[in-house]
Structure formats: structure tokens, C-alpha cells
Amino acid sequence: MSEKTLQHRIDGPDDAPVLVLGAALGTTWHMWDRQIPELTRQWRVIRFDLPGHGGSPAHAAPSIAELADRLVATLDALGVQRFGYAGCDIGGAVGTQLALTRPHRVTSLALVSSSPRYGTADAWRQRGVVIRTNGLDPIARTAPEHWFTPEFAGAQTAIVEWAVQMVRTTDPGCYIAACEALASFDVRSSLGRIGVPTLVVVGSEDQVTPTTDARTLVAGIPDASLALVPGTSHLAPVEQPAAVTELLIRHFSTAWHDKPGPGSPAAIGAAAPKPQIAPPPPPQAPPVAIESGIAQPHPARGGAYEVGIKIRREVLGDAHVDRAEAAADDFTGDFQDFLTRYAWGETWTRPGLDRRTRSIITLTALVARGHQDELALHTRAALRNGLTPSEIKEVLLHTAVYCGVPAANAAFRVAQQVIKEETTPES
């Protein structure tokens with residue numbers, strides 16, 4: 001298996017239409033096991049593992065677009081041109097990407113526990129910092145409370161332990177890369193271009209991708225219907241396998257075509273427990289990409305600014321940049337523009353040094369000059385750029401020799417507090 005393809009499994013008749021299933025972050029294709037007996041009566045089902053998940057080689061993918069490209073390369077190698085697609089969580093993001101960039105390949109789409117934008121970029125990048133420092137165990141231990149309702153978790157201890165072990169055995173580097181991919185994924189302004197019939201499935205108790213996210217998908221996708229599965233959390237195919245299976249069968253049986261006509265049938269509910277087809281959402285304005293984390297264009301700003309604001313947000317975080325932009329006025333606005341264009345759009349983007357190295361240089365310069373506020377900011381940035389607390393400690397020890405012990409002493413106090421805040425797992 002090459003770095004350009006994904007580990008996969010095929011079930012069902014060779015001559016049946018193909019249905020591809022994408023798994024959630026931290027899981028393997030086995031999360032779909034309980035759907036397979038029924039789905040393979042009509043479809044040739046192809047499941048794939050994300051890089052570093054299950055037995056998949058640890059070839060990290062830095063973006064949802066890259067994951068979609070690898071899936072397409074895998075299907076090309078299998079001779080599959082046309083397929084239906086159902087994905088859960090990050091698997092849903094891959095399906096959305098395919099529907100936007102390969103519309104001629106996707107016949108119909110089901111998005112389970114999915115979103116056009118998964119949380120915030122800051123939260124995903126901080127999760128990467130936590131994993132680099134503590135490994136995946138804290139994430140694994142808290143997975144059941146995010147994936148299942150308390151009632152299900154209490155009654156199904158074997159499934160809970162299975163879920164924990166799936167996360168624990170995932171490659172940390174690939175998990176972090178997936179977090180980075182979700183941090184940069186935002187298709188809210190593009191949903192109107194999805195031209196295939198789409199079923200959006202969400203658990204009523206899902207706090208990871210809540211019903212508001214599902215309604216945003218339905219409001220933005222021209223031919224979409226919403227199925228709400230009562231008493232179910234994020235990993236709906238595992239928690240309510242029969243309900244999700246029936247929804248998928250009914251959707252793909254009635255919507256297996258490219259461009260539905262005006263009278264195309266919508267997906268209907270499943271039994272035991274009966275998913276509720278939510279009423280059409282109230283009229284909304286089209287999804288707007290200009291929200292927190294997305295900079296508004298400036299008529300006088302060129303390419304250096306647009307590149308710079310992207311890098312600045314990735315390194316310093318949306319929250320910091322949002323505060324800086326909100327505080328800018330006629331007096332300070334030009335200075336913020338200057339920082340974005342020259343520091344971030346022209347210096348931090350130069351190819352001669354990677355971001356880790358630039359963070360080391362920046363930390364050293366800030367220690368030498370005693371700029372402790374900026375040191376706190378760039379300690380956070382260093383963690384985002386891949387430095388571990390141990391590496392930051394070594395940088396500060398080195399500065400004690402060349403910048404002076406008092407400067408390093410103050411720097412240790414600042415960095416210690418930042419590292420504690422950034423690397424403590426959520427309770």
C-alpha cells in the first residue's frame with residue numbers, strides 16, 4: 001500500500017453498486033460492523049481506515065482534501081468510478097469534500113454526525129498540543145463520554161472499552177494531523193454547490209456535532225433532508241445500529257442518482273427507536289464564511305496580507321487575532337496590517353526555515369529583550385508549531401547562557417504557566 005492510498009476492506013457482491021463508508025476520528029472501519037449484514041444485500045461496501053488508525057500505515061494526511069484524494073486514488077486502483085458515500089464525523093467531512101470536488105463520482109451522500117465546520121480551529125490545535133505532551137491516553141479515556149449517552153455507556157461496558165482501545169492504538173502523529181485537517185475545514189459558504197441528494201443524520205444528544213450543525217447542513221445543501229435519532233449521541237451507527245442502517249438503506253435505495261428532479265423522494269424514518277424526520281428548518285440567510293476566524297477582505301490588501309492572516313491565525317490562534325483585529329482602530333489598524341503583511345505574510349512564510357525553527361528563534365529573541373507578554377504568546381505558538389514542553393525547556397536553558405540568568409528566570413516563570421494551561425487535558 002502506497003502513501004497515496006488508504007487501507008480498505010470490501011464486503012458484498014462484486015457486481016453490486018458501490019457504497020463507501022467513512023469512519024470517525026479515532027475509530028476504525030469496525031464502527032460500521034453492525035451495518036454490514038444489511039447493506040451488503042444491495043451494495044458492494046467499501047470501508048477504509050484513516051492513516052494511522054487500526055492497522056493503517058501511519059502516513060499522516062494534513063488536510064481533508066488530501067484524505068479525499070487518497071480515497072479517490074484507492075477507488076481508482078479498485079476500478080470504482082461511481083459510488084454512494086456515507087461518512088461519520090471526519091468521514092462526513094471527506095464525503096462533503098468529495099461531493100464538492102468530485103461531483104461526477106458521487107451518486108448520493110449521507111452525512112452522519114457531521115458538520116460544515118467542526119468546532120473551532122483553536123480547539124483542534126490545542127488538542128494537538130495536549131496529545132504531543134500527554135499522548136492519546138487522555139483523549140481515549142474521555143472518548144466514551146463524547147461518543148455515547150451515559151445510559152448506553154453504563155449498559156455496554158464492552159463497547160466502551162473497545163472504543164477506548166481504538167483511540168489508544170491510533171498513531172498520535174496521524175491523530176494530530178487529522179486535528180489539523182479539521183481545524184482548517186470550513187465549507188459553510190460552499191454547501192450550495194453540493195448537487196447530490198443528501199441525508200443528514202444526527203443524534204438528539206450529540207454534543208460534538210449538535211443538531212444546530214446538522215440544520216446548517218440541511219439549510220445549505222439544495223437537496224437535503226434531516227433525520228434525528230432520539231436518545232443517541234455522536235457515534236450513532238454504534239449506539240443505534242438498526243436505526244442508522246434503516247435510514248441508510250432507505251436513502252440510498254431512493255436517491256441513487258446524480259441530479260434529482262423536483263419530485264424526488266426524501267428519506268424517511270427508521271424503526272426502534274424511530275428517528276424523527278425534522279421539519280424543514282426556518283428560512284435562513286445563506287451560510288456566511290465571514291465569521292470568527294475568517295478575515296474580511298480589505299480592498300487595499302494583496303496576496304501577502306491574505307497569506308499572512310492565514311499563517312498568523314494558524315500560529316497564534318483565532319482568538320488572539322480576533323482580539324487584535326477587534327481592538328484595531330484608525331490609529332493602530334495600519335500597524336496590525338503591517339504586522340500581518342511583513343511579519344506573517346513575508347517572513348514566517350519564507351521556505352528557508354520551518355515553523356518549529358522559527359519558533360525557537362522567536363523565543364530566544366523575546367527572552368533576550370525581556371518581552372514577557374510576547375513570550376507568553378509565542379510559547380503558545382511554539383506548542384502549536386510542534387515543540388514539546390521539554391524542547392521549550394531546552395531553549396530556555398540555552399538562553400540562560402547567552403541571554404543571562406535573570407532573563408531566563410523570568411522566561412521560565414512565563415513559559416511554565418502557559419505550558420500548564422495549554423497541556424492540561426480537559427476533565
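Only heavy atoms go into these numbers, but all of them, side chains included; no hydrogens, no water, no symmetry mates. In what follows, residues are counted from 1 in the order of the sequence shown.
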Salt bridge or not between [X] and [Y]? Use side-chain N to carboxylate O under 4.0 Å.
| X | Y | value |
| --- | --- | --- |
| D354 | R358 | no |
| R384 | E422 | no |
| D76 | K4 | no |
| R44 | D15 | no |
| E66 | R70 | yes |
| D322 | R313 | yes |
| R350 | E346 | no |

Distance, nearest 0.5 Å, that separates [atom1] of [X] from [atom2] of [Y]:
| X | Y | atom1 | atom2 | value |
| --- | --- | --- | --- | --- |
| L98 | L75 | CG | CG | 8.0 Å |
| H59 | L50 | NE2 | CG | 14.0 Å |
| S233 | Q240 | OG | CD | 11.0 Å |
| L78 | T5 | CG | OG1 | 9.0 Å |
| L248 | E38 | CG | CD | 11.5 Å |
| L396 | Q416 | CG | CD | 11.0 Å |

Open item on the list: Could you work out, with side-chain hydrogen bond (donor to acceptor under 3.5 Å, both in side chains) as the rule, every residue matching Y118, not counting sequence neighbours?
Closed with: none
Task: Partner residues of R132 under the side-chain hydrogen bond (donor to acceptor under 3.5 Å, both in side chains) criterion, sequence neighbours left out - done: none
Looking at [X] and [Y], what are the two nearest heavy atoms and their distance?
| X | Y | value |
| --- | --- | --- |
| A86 | W32 | O-CZ2, 4.2 Å |
| L100 | S190 | CD2-O, 3.3 Å |
| L25 | A178 | CD1-CB, 3.5 Å |
| S359 | N385 | OG-ND2, 2.9 Å |
| A60 | G173 | CB-O, 4.4 Å |
| D122 | A319 | OD2-N, 2.8 Å |

Can you find a pair of side-chain heavy atoms, one from [X] and one from [Y], that are under 4.5 Å apart?
| X | Y | answer |
| --- | --- | --- |
| R102 | D69 | yes |
| W147 | D89 | no |
| V20 | V80 | no |
| D206 | T211 | no |
| R312 | Y305 | no |
| I90 | L67 | yes |
| I361 | L353 | yes |
| T107 | V196 | no |

Under 3.5 Å, which donor-acceptor pairs link side chains of residues 109-116 to any protein atom two or more places apart or in another chain?
from	atom 1	to	atom 2	distance (Å)
S113	OG	H234	O	2.6
S114	OG	V112	N	3.4
S114	OG	V112	O	2.9
S115	OG	R117	N	3.1
S115	OG	R117	O	2.7
S115	OG	D213	OD2	3.1

Keeping [X] on the side-chain end and [Y] on the backbone end, is there a donor-acceptor pair under 3.5 Å?
| X | Y | answer |
| --- | --- | --- |
| E246 | A243 | no |
| Q35 | P237 | yes |
| T142 | P138 | yes |
| T157 | A153 | no |
| T347 | W344 | no |
| T357 | R355 | no |

Modelled atom types, side-chain donor and acceptor of [X] and [Y], under 3.5 Å:
| X | Y | answer |
| --- | --- | --- |
| Q336 | R341 | no |
| E239 | T149 | yes |
| H53 | T27 | no |

Open item on the list: Tell me if the CZ atom of R34 is crowded by more than 12 foreign heavy atoms within 6.0 Å.
Closed with: no
Task: Residue pair R125, D318: steps toward the salt bridge (charged side-chain N to carboxylate O under 4.0 Å, His left out) verdict - done: CA-CA 11 Å; R125 291 186 174 116; D318 286 336; 5.5 Å; no
Open item on the list: Over 60° means perpendicular and under 30° means parallel, so tell me whether F152 and F148 are parallel, tilted or perpendicular.
Closed with: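 Answer is tilted, since the angle falls between 30° and 60°.
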- [ ] Over 60° means perpendicular and under 30° means parallel, so classify the ring planes of Y85 and F48, tilted if in between.
- [x] tilted
Open item on the list: side chain to side chain contact (heavy atoms under 4.5 Å, CB included) for Y175 and I131? Distances and angles first, verdict last.
Closed with: CA-CA 9 Å; Y175 193 106; I131 294 168; 3.3 Å; yes
Open item on the list: T254 vs R250, test: side chain to side chain contact (heavy atoms under 4.5 Å, CB included). Steps then yes/no.
Closed with: CA-CA 6 Å; T254 59; R250 295 192 179 204; 5.6 Å; no
TODO: Output, in order, the C-alpha distance, side-chain angles, deciding distance and verdict of side chain to side chain contact (heavy atoms under 4.5 Å, CB included) for L21 and L19.
DONE: CA-CA 7 Å; L21 302 180; L19 178 60; 4.2 Å; yes
TODO: I would like to know whether D49 and H8 meet side chain to side chain contact (heavy atoms under 4.5 Å, CB included); could you show each step before the answer?
DONE: CA-CA 6 Å; D49 274 338; H8 59 277; over 6 Å; no
